[in-house]
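Right, one structure below, let's go through it.
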Amino acid sequence: MNTQFKKGVLELCVLSLLKQGDKYGYELADTVGKQIDISEGTIYPLLKRLRAEGYFEVYLKESTSGPARKYYKLTQKGKDMQAHLAQEWQEFTKSVSTFIGGDGQ
């Protein structure tokens with residue numbers, strides 16, 4: 001997949017995963033990486049930026065398999081941004097589908 005496509009949708013993917021529930025960094029990287037070919041190192045700078053923008057908060061949770069894990073929890077601002085980006089994505093893919101022969105569904 002084109003690198004520019006990936007960069008454009010990673011924020012939506014991460015926020016959408018967090019909308020489903022709190023996740024730790026490796027879990028996010030692994031889940032996204034199973035669907036979109038990215039390196040683990042791609043996610044962490046994005047998480048840092050999204051946290052700085054107030055889209056989620058971070059907390060530590062003890063792990064039975066090692067040190068405590070840093071979990072990411074979506075804030076209301078993050079939920080609002082996820083909804084906004086999802087709507088934009090739907091409109092964008094519908095528009096693009098008209099050019100490539102799809103019906104936008």
Side-chain angles (χ1 to χ4, degrees):
M1 179 186 282
N2 181 295
T3 303
Q4 292 303 314
F5 284 168
K6 289 180 204 178
K7 287 181 181 179
V9 299
L10 282 178
E11 185 173 323
L12 174 58
C13 292
V14 167
L15 292 175
S16 295
L17 284 170
L18 290 174
K19 182 180 174 190
Q20 299 169 13
D22 300 358
K23 308 236 182 316
Y24 58 97
Y26 177 78
E27 184 178 16
L28 287 165
D30 187 55
T31 303
V32 172
K34 287 179 180 174
Q35 299 297 319
I36 301 171
D37 184 27
I38 59 161
S39 69
E40 184 180 320
T42 303
I43 291 290
Y44 290 101
L46 175 65
L47 292 175
K48 185 176 182 178
R49 180 178 59 81
L50 294 176
R51 180 182 182 194
E53 293 175 6
Y55 295 133
F56 47 76
E57 46 197 36
V58 176
Y59 63 92
L60 291 177
K61 185 175 179 181
E62 292 300 319
S63 170
T64 57
S65 61
R69 292 180 174 158
K70 186 187 292 187
Y71 276 78
Y72 298 87
K73 177 182 179 66
L74 213 54
T75 61
Q76 187 58 51
K77 183 177 179 181
K79 291 174 187 175
D80 293 344
M81 178 55 84
Q82 187 279 335
H84 173 74
L85 290 174
Q87 179 64 39
E88 281 189 340
W89 178 256
Q90 293 299 322
E91 292 169 7
F92 177 73
T93 56
K94 185 176 181 180
S95 296
V96 171
S97 291
T98 63
F99 292 106
I100 59 176
D103 62 3
Q105 298 297 319

What donor-acceptor contacts under 3.5 angstrom involve side-chain atoms of residues 47-54, with partners at least two apart or in another chain?
{"residue": "Arg49", "atom": "NH1", "partner": "Glu53", "partner atom": "OE1", "Å": "3.4"}
{"residue": "Arg49", "atom": "NH1", "partner": "Glu53", "partner atom": "OE2", "Å": "3.1"}
{"residue": "Arg49", "atom": "NH2", "partner": "Glu11", "partner atom": "OE1", "Å": "3.0"}

Which atom of Ala68 lies closest to which atom of Leu60, heavy atoms considered: CB-CB, 4.4 Å
Partner set under ring-ring contact (aromatic ring centres under 6.0 Å, His included) for Tyr55, not counting sequence neighbours: none
Residues in ring-ring contact (aromatic ring centres under 6.0 Å, His included) contact with Tyr59, at least two apart in sequence or another chain: Tyr71
With sequence neighbours excluded, residues passing side chain to side chain donor-acceptor pair (under 3.5 Å) with Glu27: none
Spacing of Gln90 atom CD and Leu85 atom CG [to the nearest 0.5 Å]: 12.0 Å
Closest approach of Lys70 to Val58 (non-hydrogen atoms, all atoms of both residues): CG-CG1, 2.7 Å
Any residue meeting side-chain contact (heavy atoms from CB on, under 4.5 Å) with Gln76, in chain and number order, not counting sequence neighbours: Lys79, Asp80
Connected via hydrophobic side-chain network under 4.5 Å: Phe92 and Met81: yes
Atom of Cys13, atom of Val32 and distance for their closest heavy-atom approach: CB-CG2, 4.4 Å
pair Ile36-Val9: side-chain heavy atoms closer than 4.5 Å: yes
Backbone N/O of Leu28 and side chain of Thr31: donor-acceptor pair under 3.5 Å: no
Salt bridge (Lys or Arg N to Asp or Glu O under 4.0 Å) pairs, two or more places apart, involving residues 14-23: none
Thr42 to Pro45 - nearest heavy-atom pair and separation: O-CD, 3.5 Å
Atom pair CZ/CD of Phe56 and Gln82 - distance to nearest 0.5 Å: 13.0 Å
